[in-house]
Amino acid sequence: MLQKPRGTRDFLPDEMERRRLIEERMRAVARRWGYREVCTPNFEYLELFTMKSGEEIIQEMYVFEDKSGRQLTLRPEVTASVLRMYVNEGRVLPKPIRWCYFADCFRYERPQKGRYRQFWQFGVELIGADTALADAEVIMLADDLLHTSGVEFDLHVGHLAPMKHILRDLPPDDHRMVMAHLDRHDPQALGHALEAKGLGDRTELLLALSECREIDEVFEIAGDVPERPRIEETFTILDSQGIRYRPNFGIARGLDYYTGMVFEAFAPNLGAENQILGGGTYRLAYLFGGDDAASCGFAVGFDRIMVSIGDFPLEYEPVVGVVCTPEARTRALEIARAFRKTGIRTEVDLMQRSLSAQLSHAARTADYAVVVGQRECEAGTVTLKNLHTGEQRETTLDDAVAEVMRFGRC
Ligand code: HAM
């Protein structure tokens with residue numbers, strides 16, 4: 001038996017229906033905030049991702065060459081594609097631009113629960129607004145989106161400026177390495193790395209910063225951070241709107257394009273892979289040949305949200321199985337059409353089975369059987385059988401439709 005590739009999943013209909021329901025809720029929230037959906041290719045030129053993140057990122061991607069020798073990759077995320085699209089098509093649009101997407105992403109990672117090689121992100125990007133309110137809007141939208149999905153979560157909001165201020169004597173290229181240790185919560189490696197650069201005294205400061213939960217204390221630790229007014233303004237807006245979050249200035253974020261505010265959300269009921277959302281402010285447009293537009297966005301790890309909320313009951317939709325004799329087939333198809341027109345799920349026999357075989361199949365797959373034989377054809381009626389109670393009666397088509405529509409509503 002052939003198996004699916006490692007790190008991928010198949011979704012059966014019940015699971016797909018649950019996923020679509022939550023996906024639609026997320027789309028509706030984004031739309032209410034003015035974010036309109038876009039779609040980009042699921043493969044891109046490799047360069048789009050290596051330009052900012054360097055060649056190391058190739059290890060984590062599905063990279064391939066096409067028949068003309070172009071270096072391509074399946075997208076590991078969508079932000080870079082959206083910003084490329086903004087540079088290609090969106091530069092003339094009035095700013096700020098509010099876009100959202102729901103897309104599958106591919107990362108060549110070691111699979112485990114909550115970490116897949118193909119996974120889905122629901123994300124938003126706000127392009128061309130460089131204010132504390134813009135940062136706050138994206139965080140508030142994330143909060144609304146997560147609440148609406150029904151997941152339980154803790155929201156952490158931070159900013160890279162205090163961390164960068166502590167590291168100001170270190171060349172910017174080395175920041176990335178230090179941030180990676182912080183991101184992995186590895187104090188020992190962090191200490192060794194800073195020691196090697198002659199900045200051992202900063203280790204304690206960085207660790208204190210990542211522990212710190214009070215905004216005033218952040219500036220006592222980090223000193224005179226020029227971005228302080230902007231950071232405070234963002235937090236004041238969030239507080240004024242009753243957003244529940246925890247200041248966390250230890251957030252470093254794995255991707256290397258963030259420039260200022262950063263935020264993450266965690267689901268307490270998940271294991272090691274409990275980060276369900278990540279985002280922040282960044283600048284990418286200039287790299288792709290555009291202006292230096294300030295941007296801010298986030299992506300929700302859709303699959304982790306689904307694991308966290310677990311299986312919930314779906315609204316039950318009644319199913320009708322139309323059962324007929326060979327002579328009544330045309331009438332049976334008309335009847336099926338009438339049921340479907342009102343939105344009822346209706347299936348007809350495709351296997352030319354006997355009436356009794358059709359009925360026993362319907363008993364396993366449907367809530368009602370609608371039986372159409374010669375008598376019903378002549379009388380212009382149908383026989384409606386409730387497959388749960390076994391009750392059956394001959395009636396008009398309209399009445400049968402009305403009864404099925406009432407099913408489950410009482
Ligand atoms: P990210 O933190 O790399 O950020 O991914 C966002 C979310 O995707 C994570 O918080 C996690 O829930 C989910 N995720 C990541 N990798 C996997 C995986 N292998 N399996 C399942 N879920 C996964 C970004 O991708 C940025 N583009 C977010 C952003 C948008 N920043 C600004 N705008």
Side-chain angles (χ1 to χ4, degrees), residues 1 4 9-29 102 120 147-152 269 302-303 305-410:
M1 210 172 20
K4 58 190 178 298
R9 286 147 305 147
D10 297 319
F11 302 104
L12 285 161
D14 278 351
E15 194 167 2
M16 263 332 274
E17 284 174 17
R18 288 192 189 97
R19 289 173 70 92
R20 288 284 184 239
L21 194 91
I22 303 297
E23 187 189 316
E24 276 315 311
R25 280 192 199 160
M26 290 187 176
R27 282 206 173 90
V29 172
F102 181 73
W120 275 260
H147 274 299
T148 311
S149 77
V151 74
E152 283 201 24
N269 69 343
F302 187 77
D303 308 271
I305 298 270
M306 295 309 295
V307 175
S308 177
I309 58 186
D311 285 354
F312 53 88
L314 288 161
E315 196 181 317
Y316 191 76
E317 280 183 328
V319 180
V320 165
V322 180
V323 167
C324 70
T325 55
E327 313 77 57
R329 189 165 82 178
T330 304
R331 176 69 185 142
L333 290 174
E334 277 169 21
I335 287 167
R337 200 162 60 204
F339 274 98
R340 289 179 188 132
K341 224 170 159 180
T342 63
I344 295 169
R345 256 177 68 190
T346 309
E347 297 169 10
V348 297
D349 174 64
L350 305 175
M351 324 271 277
Q352 300 184 322
R353 286 186 273 218
S354 70
L355 263 191
S356 68
Q358 289 182 52
L359 267 170
S360 59
H361 176 74
R364 295 175 59 200
T365 57
D367 300 288
Y368 285 93
V370 172
V371 187
V372 202
Q374 197 183 351
R375 194 184 67 242
E376 286 89 352
C377 280
E378 282 165 6
T381 58
V382 298
T383 296
L384 182 69
K385 179 169 184 180
N386 181 324
L387 295 164
H388 297 278
T389 62
E391 275 168 59
Q392 114 172 21
R393 64 196 170 88
E394 194 172 335
T395 181
T396 63
L397 175 58
D398 285 352
D399 181 53
V401 170
E403 175 169 343
V404 176
M405 285 180 81
R406 281 196 300 275
F407 179 86
R409 297 232 176 95
C410 33

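The first residue in the sequence is number 1, and the count goes up from there.
- Of all non-hydrogen atoms in T346 and R340, the two that sit nearest each other are O-NH2, 3.0 Å.
- Residue S354 holds its OG atom at 9.0 Å from CG of D349, rounded to the nearest 0.5 Å.
- Sorted by first and then second residue, the pairs that involve residues 327-370 and meet ring-ring contact (aromatic ring centres under 6.0 Å, His included), not counting sequence neighbours, are Y368-F407.
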Test log, rule side-chain contact (heavy atoms from CB on, under 4.5 Å), inputs V401 and I344: CA-CA 8 Å; V401 170; I344 295 169; 4.3 Å; yes
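- Shown here are the side-chain hydrogen bond (donor to acceptor under 3.5 Å, both in side chains) partners of S149, two or more places apart in sequence or in another chain: there are none.
- Side chains of V372 and V322 form a contact here, defined as non-hydrogen atoms less than 4.5 Å apart.
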Going through the checks in order, is the side-chain contact (heavy atoms from CB on, under 4.5 Å) test met by W120 and M306? CA-CA 11 Å; W120 275 260; M306 295 309 295; over 6 Å; no
Apply side-chain contact (heavy atoms from CB on, under 4.5 Å) to L387 and D367, showing your working. CA-CA 5 Å; L387 295 164; D367 300 288; 5.9 Å; no
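- Closest of all the heavy-atom pairs between C377 and A328 is SG-CB, 3.6 Å.
- With a 4.5 Å cut-off on side-chain heavy atoms, F11 and R19 count as touching.
- Formation of a donor-acceptor pair under 3.5 Å by the N269 side chain with backbone atoms of S308 is found in this model.
- A salt bridge does not link R20 to E24: none of the charged nitrogens lies less than 4.0 Å from a carboxylate oxygen.
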*asked:* Set out, in order, the CA-CA distance, both residues' side-chain angles and the distance that settles side-chain contact (heavy atoms from CB on, under 4.5 Å) for I22 and R18, then state yes or no.
replied: CA-CA 6 Å; I22 303 297; R18 288 192 189 97; 5.6 Å; no
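- L314 CG to L21 CG: the interatomic distance, rounded to the nearest 0.5 Å, is 7.0 Å.
- Contact record, D399 with T395: OD2-OG1, 2.6 Å, taken as the closest heavy-atom pair.
- Here the options are R375, E376, E394, R393, the test is side chain to side chain donor-acceptor pair (under 3.5 Å), and the partner is T381; only E394 passes.
- A 4.5 Å side-chain heavy-atom check between V323 and K385 finds every atom pair outside the cut-off.
- Between atom CG of residue D10 and atom NZ of residue K4 there is a gap of 5.0 Å, rounded to the nearest 0.5 Å.
- Between A369 and A362, the closest heavy-atom pair is CB-CB, 4.4 Å.
- With respect to E334 and R337, no salt bridge is recorded, no charged nitrogen being found less than 4.0 Å from a carboxylate O.
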Report task. Could you check Q374 against T325 for side chain to side chain donor-acceptor pair (under 3.5 Å), going step by step and ending with a plain yes or no? Result -> CA-CA 8 Å; Q374 197 183 351; T325 55; over 6 Å; no
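- Between A400 and V382, the shortest heavy-atom contact is CB-CG2, 3.7 Å.
- Q358 places a side-chain N or O within donor-acceptor distance of the main-chain N or O of R353, the cut-off being under 3.5 Å.
- Annotation for R27: atom CZ counts as buried by contact number, over 12 foreign heavy atoms lying within 6.0 Å.
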